[in-house]
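Mind having a look at this structure? Questions to follow.
Start at 1 with the first residue, then count along the sequence.
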Amino acid sequence: MNNYQRINPKAPKNIGTRKAYLLGGGIGSLASAAFLIRDAHMTGKNIHILEQLEVSGGSMDGAGTAEKGYTARGGREIEEHFECFMDLFSFIPSLKDKNISVLDEFVELNKVEPIESHCRLVEKQGQKADFSDLGLSKQNAMELGKLHMLTEEALGATTIGEYFDPSFFETKFWYYWATMFAFEQWHSVVEVKRYMERFMHLIGGMNRLEGILHTEYNQYDSLILPLITWLKEQGVSFEYGCKVTDIDFQFAGKEKTATAIHFIRDGKDQVIKVAEDDLVLFTNGSMTENTTRGDLNNPAVLNRSEDKGCFSVWEKLAKKSPDFGHPEKFCSDIDKSKWMSFTVTLKDDDIVFPYLLKLTGDKPGMGGLVTIKDSSWFMSWVVPKHPHFINQPDNVKVLWAYALNMDVPGDYIKKTFSDCTGREMFEELLFHMGLKDKIPEILSHTTNVIPSMMPYITSQFMPRVAGDRPQVIPEGSKNFGFIGQYAEIPEDCVFTVEYSVRGAMMAVYGLMDIGKTMDSVYPSQYDIRVLVNAAKTCLGVDKLPLKNIPLGELLKNTELGKLL
């Protein structure tokens, strides 16, 4: 969007009496409410957010105490060209200083404390591994170039494992890529293509995590809490304990109008009647649906319930119209979509954190992700900026970790990652860090280790084709839209905060017809400078001058080669 489009739109017709019902309390609904207030001039008291849990924020969570332990299921990576995300937080006041925005403090933090990894890979129980390049062969680089040229229609439901040569999965590129985004070989190669093109401008610094931005605290405390605070000040109604069970529609030809919302509250069935000029936005899937948690001495038991929350509602809607997508493509194979992380809380630690900072050479919270390349569980850890929680005492430290190989025995703990208690997960991690001999002493300072098992956390990566994800605004829809990670947004990438915020903006701007243009997805793949740098990096010649590289020959199967 150019500056000519940065307007304050006129209020839509009858905006004073229209109501909005936002089903689900994740970032998609929160962003929708904010855009309704700022751009559609809807009064906050007419906006209702219905959430099944007793807290908003969806997958962007963070909670706990120093006494019982902290937990955060994960954090979404953020970069400079999340245009809709940056727009949203440019007008949400900081909790520390109402005179500045969340974006203001976010930018300042990343100027002063930028992430740059000095130890992206380790191996052999605490030894730094080489991470100086991507480790791609010419064949691997050509496969990536060809992927850039192929269309999504041509790729169809092809998996990552089907597309790439087996040698690709032994490269450093795959170690970086898989652990940054939680990709598995059975996931869709179309999503790899989207990520590669969306973030091509960052590929030169991928081995050092350059360009990745971080928040002061966990993403709930730093992003969700100030957003909720502002929305409440505007009068937005947060209605917790509301389990949505169905949505009624009136169909007339291709036109679709939501007419009623069914939900359960306090054990009672309730119905909200929806007017034709009201707005209903539904988060039709959740990555963290049916999460279970364990603790130091108990595993997190996988929830295989037939009640899949918002997925189950989506399944009902899909039977009402072919324009409402195919949820079964995403939520029918838990063993291919599950994933688990764990949060470690240590008190008065004088071993782990000093050791890790010396091992990696990073400043606290500025090194980012570290991956153990010879771990059978394919483990990674993060030392976040301290404190990671607003209420966290100085003598209490938090460490976050996860694994991608869920169902194979560990190297130190001879159990699968899925079956382990928090204690056993931490012991396996300490073994790979090179702290095997210190495990008993470290555990004596461990307050808790909380594993979080998420049955659907990577379900948005499952193989799909056009139409499996519904459009944000289905064809003919008068007052209804899909938001979140399971609605189709061309060119953008799921598993990002930006995707949910962009979908919210698309839904509000489109259904309210407010006449304001959105920022486009950052088109890095169309910039010749970005293409040249990406090609040089993938071929391992990123430090050589372009004139010395026969790119026309080496990249003849890529768009860059054709241009040259």
Nearest non-hydrogen partners of K415 and W377, listed with the distance: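 K415 and W377 have their closest heavy atoms at O-CZ2, 3.2 Å.
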For the atom pair CD (Q460) and SG (C331), what is the distance rounded to the nearest 0.5 Å?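 One gets 12.5 Å once the value is rounded to the nearest 0.5 Å.
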Contacts of T257 that satisfy side-chain hydrogen bond (donor to acceptor under 3.5 Å, both in side chains) - sequence neighbours left out: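 For T257 there are no side-chain hydrogen bond (donor to acceptor under 3.5 Å, both in side chains) partners, ignoring immediate neighbours.
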May I have all residue pairs that pass ring pair (Phe, Tyr, Trp, His ring centres under 6.0 Å) and include part of residues 19-56, sequence neighbours excluded?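 Ring pair (Phe, Tyr, Trp, His ring centres under 6.0 Å) check on residues 19-56 returns Y21-H48.
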Checking N46 against T43: is there a side-chain donor and acceptor pair closer than 3.5 Å?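 Looking only at side-chain atoms, N46 and T43 do not form any donor-acceptor pair under 3.5 Å.
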I'd like to know if R194 pairs up with D492 as an ion pair, taking the criterion as any Lys NZ or Arg NE/NH1/NH2 lying under 4.0 Å from an Asp or Glu carboxylate oxygen.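 Looking at D492 together with R194, the answer is no, because their closest N to O distance does not fall below 4.0 Å.
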Set of salt bridge (charged side-chain N to carboxylate O under 4.0 Å, His left out) partners for D468, sequence neighbours left out: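 Result, salt bridge (charged side-chain N to carboxylate O under 4.0 Å, His left out) vs D468: K329.
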Output field: ring centroids F89/F85 closer than 6.0 Å: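 Centroid separation for F89 and F85: below 6.0 Å.
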Check whether the side chains of R73 and T291 place a donor and an acceptor atom closer than 3.5 Å, and report yes or no.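 Present: a donor and an acceptor within the cut-off.
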Suppose we screen for side-chain contact (heavy atoms from CB on, under 4.5 Å). Which residues come up paired with A258, at least two apart in sequence or across chains?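 A258 satisfies side-chain contact (heavy atoms from CB on, under 4.5 Å) with I247, F249, V280, N479, F480 once adjacent residues are dropped.
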Steps toward side chain to side chain donor-acceptor pair (under 3.5 Å) verdict (S341, S452): CA-CA 5 Å; S341 67; S452 297; 4.7 Å; no
Where at least one partner belongs to residues 215-243, residue pairs that pass ring pair (Phe, Tyr, Trp, His ring centres under 6.0 Å), sequence neighbours excluded: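 Listed once each, the pairs are F91-W230.
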Do T458 and H187 have side-chain heavy atoms sitting under 4.5 Å apart?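 Yes. Closest side-chain heavy atoms under 4.5 Å.
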Check: Y163 ring centre within less than 6.0 Å of F168 ring centre: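 Judged by ring-centre distance (under 6.0 Å), Y163 and F168 do not meet the cut-off.
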If I take atom CH2 from residue W400 and atom NE2 from residue H388, how far apart are they, to the nearest 0.5 angstrom?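 These two atoms lie 9.0 Å from each other.
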What is the minimum heavy-atom distance between I49 and G24, and which atoms define it?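 In terms of heavy atoms, the two residues are closest at CG2-O, 3.7 Å.
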State the OG1-NE2 distance between T245 and H262, to the nearest 0.5 angstrom.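 Here the rounded value is 6.5 Å.
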Side chains of E498 and T496: do they bring a donor and an acceptor to under 3.5 Å?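 Short answer, no.
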Which residues pass the salt bridge (charged side-chain N to carboxylate O under 4.0 Å, His left out) test with K232, not counting sequence neighbours?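 K232 satisfies salt bridge (charged side-chain N to carboxylate O under 4.0 Å, His left out) with no other residue.
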Check the angle between the aromatic planes of F324 and F482 and answer parallel, tilted or perpendicular using the 30° and 60° thresholds.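 Answer is perpendicular, since the angle exceeds 60°.
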Salt bridge (Lys or Arg N to Asp or Glu O under 4.0 Å) assessment of E83 paired with R502: CA-CA 8 Å; E83 311 296 352; R502 179 172 291 276; over 6 Å; no
In terms of side-chain heavy atoms, does H148 have a donor or acceptor partner in E197 at a distance below 3.5 Å?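 There is such a pair between these side chains.
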Is it the case that the side chains of Y486 and S459 hold a donor-acceptor pair, with the cut-off being a distance below 3.5 Å and no angle test?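 Side chains of S459 and Y486: pair found under 3.5 Å.
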Least distance between heavy atoms, M42 atom then I47 atom: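 The answer is SD-CG1, 3.5 Å.
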Which residue pairs satisfy the salt bridge (Lys or Arg N to Asp or Glu O under 4.0 Å) criterion with at least one member in residues 175-186, sequence neighbours excluded?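 Pairs touching residues 175-186 that pass the test: none.
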R198 bridged to E79 by N-O distance under 4.0 Å: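 Between E79 and R198 there is a salt bridge, with a charged N closer than 4.0 Å to a carboxylate O.
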Taking atom CE of M505 and atom CD1 of I489, what is their separation to the nearest 0.5 Å?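 Output value for this atom pair is 11.0 Å.
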Residue pairs involving residues 278-298 (criterion salt bridge (Lys or Arg N to Asp or Glu O under 4.0 Å); sequence neighbours excluded):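 Of all non-adjacent pairs touching residues 278-298, those that pass salt bridge (Lys or Arg N to Asp or Glu O under 4.0 Å) are D61-R293.
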Pairs involving residues 449-463, ordered by first then second residue, that meet salt bridge (Lys or Arg N to Asp or Glu O under 4.0 Å) (sequence neighbours left out):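 Output for this query is empty, none listed.
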Determine whether the side chains of S500 and Q485 contain a donor N or O and an acceptor N or O closer than 3.5 Å.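 Yes, because at least one side-chain N or O of S500 sits under 3.5 Å from a partner of the opposite role on Q485.
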Test ring-ring contact (aromatic ring centres under 6.0 Å, His included) applied to W174 and F378, F181, F169, the passing residue: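 Option passing the ring-ring contact (aromatic ring centres under 6.0 Å, His included) with W174: F169.
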Test R469 against E191 for salt bridge (Lys or Arg N to Asp or Glu O under 4.0 Å), laying out the working first. CA-CA 13 Å; R469 292 196 299 233; E191 300 301 342; 3.1 Å; yes
Quick one: pull up CD1 in I92 and CG in L225 and give me the separation to the nearest 0.5 Å.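 The CD1 atom of I92 sits 12.0 Å away from the CG atom of L225.
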Mutual orientation of the aromatic rings belonging to H201 and F199 [parallel < 30°, tilted 30-60°, perpendicular > 60°]: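 The rings of H201 and F199 sit tilted, inter-plane angle from 30° to 60°.
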For E162, which residues count as a salt bridge (charged side-chain N to carboxylate O under 4.0 Å, His left out) partner, sequence neighbours excluded?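 With sequence neighbours excluded, E162 shows a salt bridge (charged side-chain N to carboxylate O under 4.0 Å, His left out) to no residue whatsoever.
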Supply the atom-to-atom distance S29 OG to I483 CD1, rounded to the nearest 0.5 angstrom.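 Here the interatomic distance stands at 3.5 Å.
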Please list, chain by chain and in numerical order, all residues satisfying salt bridge (charged side-chain N to carboxylate O under 4.0 Å, His left out) with K338, sequence neighbours excluded.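 K338 satisfies salt bridge (charged side-chain N to carboxylate O under 4.0 Å, His left out) with D335, D407 only.
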Restricting to side-chain contact (heavy atoms from CB on, under 4.5 Å), what partner residues turn up for N290, sequence neighbours left out?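 Partners of N290 by the side-chain contact (heavy atoms from CB on, under 4.5 Å) criterion, ordered by chain and then number, come out as N303, S305, P455, Y456.
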Aromatic ring proximity, centroids under 6.0 angstrom, F183 and Y195: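 For Y195 and F183, the ring centres are under 6.0 Å apart.
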